[in-house]
Amino acid sequence: MTSVKAQQAARTRQRVLLAAAEVFDEAGYEQASVTRIVERAGLTLGALYFHFGSKQGLAEALMNAQPTTIEPHLESTGLQRMVDITLVWADRMKRDPILRAGVRLAVEQGSHGMNDATSFEEWRELMRDHLDVARREGELREGTCPDRLARFLVGACTGLQVYSNLAVGRADLMERVCDMWDLLLPSVASESVVHDIQIGPARVPGR
């Protein structure tokens, strides 16, 4: 019975999260009311407050959920994994409401009184871990620091999606990410692998 209740609770939490993602993505934090969110989910305010505590708690959950929308889709390792993360991210930014909302909330959080870099730091740590693997495998040029490169990539991808969204509604985000790697890889990848790293939409599973 406990297992059944836990599964029901998990499904309810996910329904609230998905509804909130859709509303936050459409309206932004300030215009997204908790009433509108629970109506979209077909649930009660009690369910929202039970699982997330507040509107801000819900926003924080979405900001921190970003990597979970991408990592399960990948099997590559090292530097190729790092490239693939950004390619899947660019692809899913066009159709995954949880990822889109998490990114919007993280970028715009200053406008609604939040100042939390956690979601950015989690991306940095995730990327650094894969780049550490790449360094151990001899895939990075001598002197390339995984942490500095990870920090740069988080900032670069953030800027790319903001610019792309303002210019063309993210329609060319994949192209911009591929351009980034075309320019960056010769400077950070070792000569033994630089020509083996694959870049492009074909790397996105199921595409």
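Count residues from 1 along the sequence. A quick note: this is a predicted structure, and the numbers were derived from the prediction, not measured.
The stretch residues 178-187 participates, sequence neighbours left out, in no salt bridge (charged side-chain N to carboxylate O under 4.0 Å, His left out) pair at all. A ring-ring contact (aromatic ring centres under 6.0 Å, His included) check over residues 154-200, counting only residues at least two apart or in different chains, returns nothing. Within the structure, the salt bridge (charged side-chain N to carboxylate O under 4.0 Å, His left out) test picks out the following pairs touching residues 152-172 (sequence neighbours left out): D172-R176. Within the structure, ring-ring contact (aromatic ring centres under 6.0 Å, His included) pairs that include any residue of residues 8-41 comprise F24-Y29, Y29-H112 (at least two apart or interchain). Residues in residues 138-159 take part in no ring-ring contact (aromatic ring centres under 6.0 Å, His included) pair, two or more places apart or across chains. Each salt bridge (charged side-chain N to carboxylate O under 4.0 Å, His left out) pair with one or both residues in residues 102-114, not counting sequence neighbours, appears once here: R104-E108.
Under a 3.5 Å cut-off, the side chain of E125 and the backbone N or O of E122 do not form any donor-acceptor pair. A donor-acceptor contact shorter than 3.5 Å links the side chain of Q66 to the backbone of M63. Checked by atom type and distance alone, the side chain of Q80 pairs as donor or acceptor with a backbone atom of Q198 at under 3.5 Å. In this structure a side-chain-to-backbone donor-acceptor pair under 3.5 Å is missing from R128 to D147.
The nearest pair of heavy atoms linking A61 to R13 is CB-NH2, 4.2 Å. Taking each heavy atom of S119 and A106 in turn, the nearest pair found is OG-CB, 3.6 Å. Nearest approach of A27 to R36, heavy atoms of both residues: CB-NH1, 3.6 Å. Of all heavy-atom pairs between I98 and T69, the closest is CG2-CG2, 3.8 Å. Heavy-atom minimum distance, L140 versus L131: CD1-O, 3.6 Å. Residues A47 and T12 approach most closely at CB-CG2, 4.1 Å, considering heavy atoms.
Contact of the R151 side chain with the M127 side chain is not registered, since no non-hydrogen atoms from C-beta on lie closer than 4.5 Å. Counting heavy atoms from C-beta outward, L58 and V34 have side chains that stay 4.5 Å or more apart. In this structure, Y49 and V38 have side chains that are not in contact, with every pair of non-hydrogen atoms separated by 4.5 Å or more. Looking at heavy atoms from C-beta onward, R141 lies out of side-chain contact with V188 at the 4.5 angstrom threshold. Using a 4.5 Å cut-off on side-chain heavy atoms (C-beta onward), P146 and V133 make no contact. Within the 4.5 Å cutoff, the side chain of V107 has heavy atoms near those of the Q161 side chain. At least one side-chain heavy atom of L62 sits less than 4.5 Å from a side-chain heavy atom of L17. E60 places none of its side-chain heavy atoms less than 4.5 Å from the side chain of L105.
In this structure, a donor-acceptor pair under 3.5 Å is present between the side chains of S192 and S190.
For the atom pair CG (D84) and CG (D91), the distance works out to 12.0 Å, reported to the nearest 0.5 Å. One distance of note links CZ of R81 with OG1 of T86; it measures 12.0 Å at 0.5 Å rounding. Of the inter-residue distances, the one linking L173 atom CG with C157 atom SG reads 8.0 Å to the nearest 0.5 angstrom. Between atom CE of residue M174 and atom NZ of residue K94 there is a gap of 6.0 Å, rounded to the nearest 0.5 Å. Taking CG from L185 and CD1 from I197, the interatomic distance works out to 6.5 Å, rounded to the nearest 0.5 Å. Between the CZ atom in R203 and the SG atom in C178 there is a gap of 11.5 Å [rounded to 0.5 Å].
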Legend entry - side-chain contact (heavy atoms from CB on, under 4.5 Å) between W123 and I70, intermediate numbers included: CA-CA 11 Å; W123 272 121; I70 295 173; 3.5 Å; yes
Inset, instruction - Verify side-chain contact (heavy atoms from CB on, under 4.5 Å) between V103 and R100, making sure each step is shown before the conclusion. - result: CA-CA 5 Å; V103 168; R100 288 165 63 99; over 6 Å; no
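The cluster map of Ile, Leu, Val, Met, Phe, Trp and Tyr, joined by side-chain heavy atoms under 4.5 Å apart, puts L183 and L160 in different clusters. In terms of hydrophobic clustering, with Ile, Leu, Val, Met, Phe, Trp and Tyr side chains grouped at heavy-atom distances under 4.5 Å, V177 and V168 are assigned to different clusters. With hydrophobic clusters built from ILVMFWY side chains whose heavy atoms lie under 4.5 angstrom apart, F120 shares a cluster with L149. Hydrophobic clustering of Ile, Leu, Val, Met, Phe, Trp and Tyr side chains at less than 4.5 Å, counting indirect connections, keeps L45 apart from F50. V83 and L126 fall within a single hydrophobic cluster, where Ile, Leu, Val, Met, Phe, Trp and Tyr side chains are chained together by heavy-atom contacts under 4.5 Å.
The pair R124-E121 meets the salt-bridge criterion, with a side-chain N (NZ, NE, NH1 or NH2) lying under 4.0 Å from an Asp/Glu carboxylate O.
Counting heavy atoms of neighbouring residues, nucleotides and ligands inside a 6.0 Å radius, atom CD of E30 exceeds 12 of them.
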